[in-house]
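Accompanying notes for the structure given below.
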Amino acid sequence: TPLRFKSAGSKWWQKPLALYQGKQLPAELIILQGELGAGEHGVWLNSRGLKSGVEDLITSGQKGLKTRRVPLPAFVSTILKHLYEKANVKKGCPDLVIWNITTKSMRLVEVKCRDWDRPTHEQLLFIQAADSIGIGAKIVEWEFEKAPSDIG
């Protein structure tokens with residue numbers, strides 16, 4: 001069963017935004033908040049970089065929204081680089097990278113809207129490479145709530 005979000009009726013960088021705790025956020029950041037366990041930190045890798053990721057979107061005056069990026073711990077960057085090499089891909093890392101700095105563990109979450117998005121071949125190879133070395137990886141599906149006029 002996919003997670004359901006209420007549409008904010010707007011987009012940010014081609015990403016549809018959902019309403020969450022009074023904010024407009026992409027599904028990736030909402031799911032990140034729900035995935036974090038005790039002692040965990042995480043980011044949305046909205047680009048292919050291995051140095052930092054998006055922790056939140058913040059209101060930026062009249063310009064709308066901007067990202068609040070945080071650096072990835074060195075061990076996370078090292079593991080991601082290894083996974084790219086192991087999977088033999090240049091793209092495909094799941095959207096969310098979650099880690100525990102104390103235990104030096106990490107896991108990955110790919111976020112897909114079932115209405116228009118499917119895992120790519122590269123993403124499946126990356127997830128397979130992660131699983132092969134004991135790094136948990138999963139796909140979480142989401143969708144917008146259907147308005148009564150959309151049903152039937």
Side-chain angles (χ1 to χ4, degrees), residues 2-5 7-8 10-61 63-144:
L3 299 174
R4 290 200 168 100
F5 303 124
S7 174
S10 59
K11 290 185 176 184
W12 172 78
W13 291 102
Q14 304 300 317
K15 284 280 185 185
L17 299 177
L19 297 175
Y20 178 73
Q21 296 183 348
K23 292 177 73 172
Q24 295 183 33
L25 294 172
E28 290 84 353
L29 288 176
I30 298 170
I31 292 169
L32 175 62
Q33 293 307 309
E35 284 286 327
L36 292 176
E40 290 185 322
H41 301 279
V43 294
W44 171 30
L45 292 181
N46 69 335
S47 65
R48 295 184 199 150
L50 299 177
K51 302 250 187 245
S52 69
V54 176
E55 180 181 61
D56 197 4
L57 281 185
I58 54 176
T59 304
S60 176
K63 294 182 181 182
L65 299 169
K66 73 174 192 172
T67 58
R68 182 169 68 215
R69 297 187 75 85
V70 296
L72 296 176
F75 83 92
V76 171
S77 294
T78 299
I79 293 170
L80 290 176
K81 184 177 182 219
H82 174 71
L83 288 172
Y84 274 111
E85 292 168 359
K86 186 168 182 57
N88 196 27
V89 295
K90 297 207 182 301
K91 59 182 182 175
C93 182
D95 295 305
L96 307 179
V97 178
I98 298 169
W99 65 87
N100 183 311
I101 199 82
T102 304
T103 61
K104 297 278 194 270
S105 60
M106 65 178 271
R107 57 193 177 91
L108 305 166
V109 179
E110 178 59 31
V111 177
K112 294 293 182 192
C113 177
R114 66 185 305 177
D115 292 334
W116 64 73
D117 206 5
R118 299 284 179 266
T120 67
H121 179 67
E122 292 91 351
Q123 288 169 330
L124 294 173
L125 289 172
F126 200 98
I127 288 170
Q128 184 179 31
D131 284 340
S132 78
I133 63 168
I135 294 180
K138 68 178 182 177
I139 298 171
V140 173
E141 291 186 332
W142 70 277
E143 67 185 5
F144 283 124

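Excluded from the calculations below are hydrogen atoms, water molecules and symmetry mates; all remaining heavy atoms, backbone and side chain alike, are included. Note that the coordinates shown come from a computational prediction; the quantities given were computed from them, not determined experimentally.
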- Taken to the nearest 0.5 Å, the spacing of K104 NZ from T102 OG1 works out to 7.5 Å
- Item | Residues K112, D95: salt bridge by 4.0 Å N-O rule | no
- Item | Closest approach of S52 to L45 (non-hydrogen atoms, all atoms of both residues) | O-CD2, 3.6 Å
- Query: Does the side-chain contact (heavy atoms from CB on, under 4.5 Å) test come out yes or no for I139 and V109, once each step is laid out?
  - Reply: CA-CA 6 Å; I139 298 171; V109 179; over 6 Å; no
- Item | Exercise: identify the closest heavy-atom pair between C93 and E110 | O-OE1, 4.0 Å
- Task: Rounded to the nearest 0.5 Å, what's the gap from CG on L3 to CD1 on I30? Could you check?
- Result: 9.5 Å
- Message: If the condition is side chain to side chain contact (heavy atoms under 4.5 Å, CB included), which residues does N88 pass it with, not counting sequence neighbours?
- Response: none
- Query: If you round to the nearest 0.5 Å, how far is CD of E40 from CH2 of W99?
  - Reply: 10.5 Å
- Task: Answer yes or no: is there a side-chain heavy-atom contact under 4.5 Å between E28 and N46?
- Result: no
- Note on the structure: Across all chains, not counting sequence neighbours, the side-chain hydrogen bond (donor to acceptor under 3.5 Å, both in side chains) partners of Q128 are none
- Query: When rounded to the nearest 0.5 angstrom, what distance separates CH2 in W44 from CG in L29?
  - Reply: 5.5 Å
- Anything under 30° is parallel, anything over 60° is perpendicular, the rest tilted; go ahead and classify Y84 against F126. perpendicular
- Task: State, to 0.1 Å, how close M106 and I135 come at their nearest heavy-atom pair, and which atoms those are.
- Result: O-CG2, 3.6 Å
- What is the minimum heavy-atom distance between V54 and L32, and which atoms define it? O-CD2, 4.4 Å
- Residues in side-chain hydrogen bond (donor to acceptor under 3.5 Å, both in side chains) with S105, at least two apart? T103
- Mind checking salt bridge (charged side-chain N to carboxylate O under 4.0 Å, His left out) for D131 and listing every partner two or more places apart, or none if nothing turns up? none
- Would you sort out whether T67 and W12 count as a side-chain contact (heavy atoms from CB on, under 4.5 Å), showing the intermediate values? CA-CA 11 Å; T67 58; W12 172 78; 3.5 Å; yes
- Query: Between L50 and L80, what is the shortest heavy-atom contact and its length?
  - Reply: CD2-CB, 3.7 Å
- Item | Side-chain heavy atoms of I58 within contact of K66, under 4.5 Å | yes
- Apply the test side-chain contact (heavy atoms from CB on, under 4.5 Å) to residues W142 and D117: give CA-CA distance (whole Å), side-chain angles for both, the deciding distance (0.1 Å), then the verdict. CA-CA 10 Å; W142 70 277; D117 206 5; over 6 Å; no
- Task: May I ask you to decide if the ring planes of W116 and F144 are parallel, tilted or perpendicular, using 30° and 60° as cut-offs?
- Result: tilted
- Message: With a 6.0 Å cut-off (strictly less than), is the heavy-atom count around CH2 of W13, excluding the residue itself, greater than 12?
- Response: no
- Message: Within the 3.5 Å criterion, strictly below it, is a donor on N100 or R107 matched to an acceptor on the partner's side chain?
- Response: no
- Kindly compute the distance separating CD1 (I127) from CG (L83), expressed to the nearest 0.5 Å. 11.0 Å
- Message: Checking T78 now: which residues fulfil side-chain hydrogen bond (donor to acceptor under 3.5 Å, both in side chains) with it, not counting sequence neighbours?
- Response: none
- Message: Can you confirm whether V97 sits close enough to L108 that some side-chain heavy atom of one is under 4.5 Å from a side-chain heavy atom of the other?
- Response: yes
- Over 12 foreign heavy atoms within 6.0 Å of CZ, R68: yes
- Query: Between L17 and L25, is any pair of side-chain heavy atoms under 4.5 Å apart?
  - Reply: no
- Verify the distance criterion only: is there a donor paired with an acceptor across the side chains of K11 and Q24 at less than 3.5 Å? no
- Partner residues of K138 under the side-chain hydrogen bond (donor to acceptor under 3.5 Å, both in side chains) criterion, sequence neighbours left out: E35
- Rounded to the nearest 0.5 Å, how far does CG of L125 lie from OG of S132? 11.0 Å
- Going through the distances and angles, do K86 and I133 end up as a side-chain contact (heavy atoms from CB on, under 4.5 Å)? CA-CA 10 Å; K86 186 168 182 57; I133 63 168; 3.6 Å; yes
- Item | Minimal non-hydrogen separation, K15 against P26, with atom names | CB-CB, 4.4 Å
- Item | Ion pair K90/E122, N-O distance below 4.0 Å | no
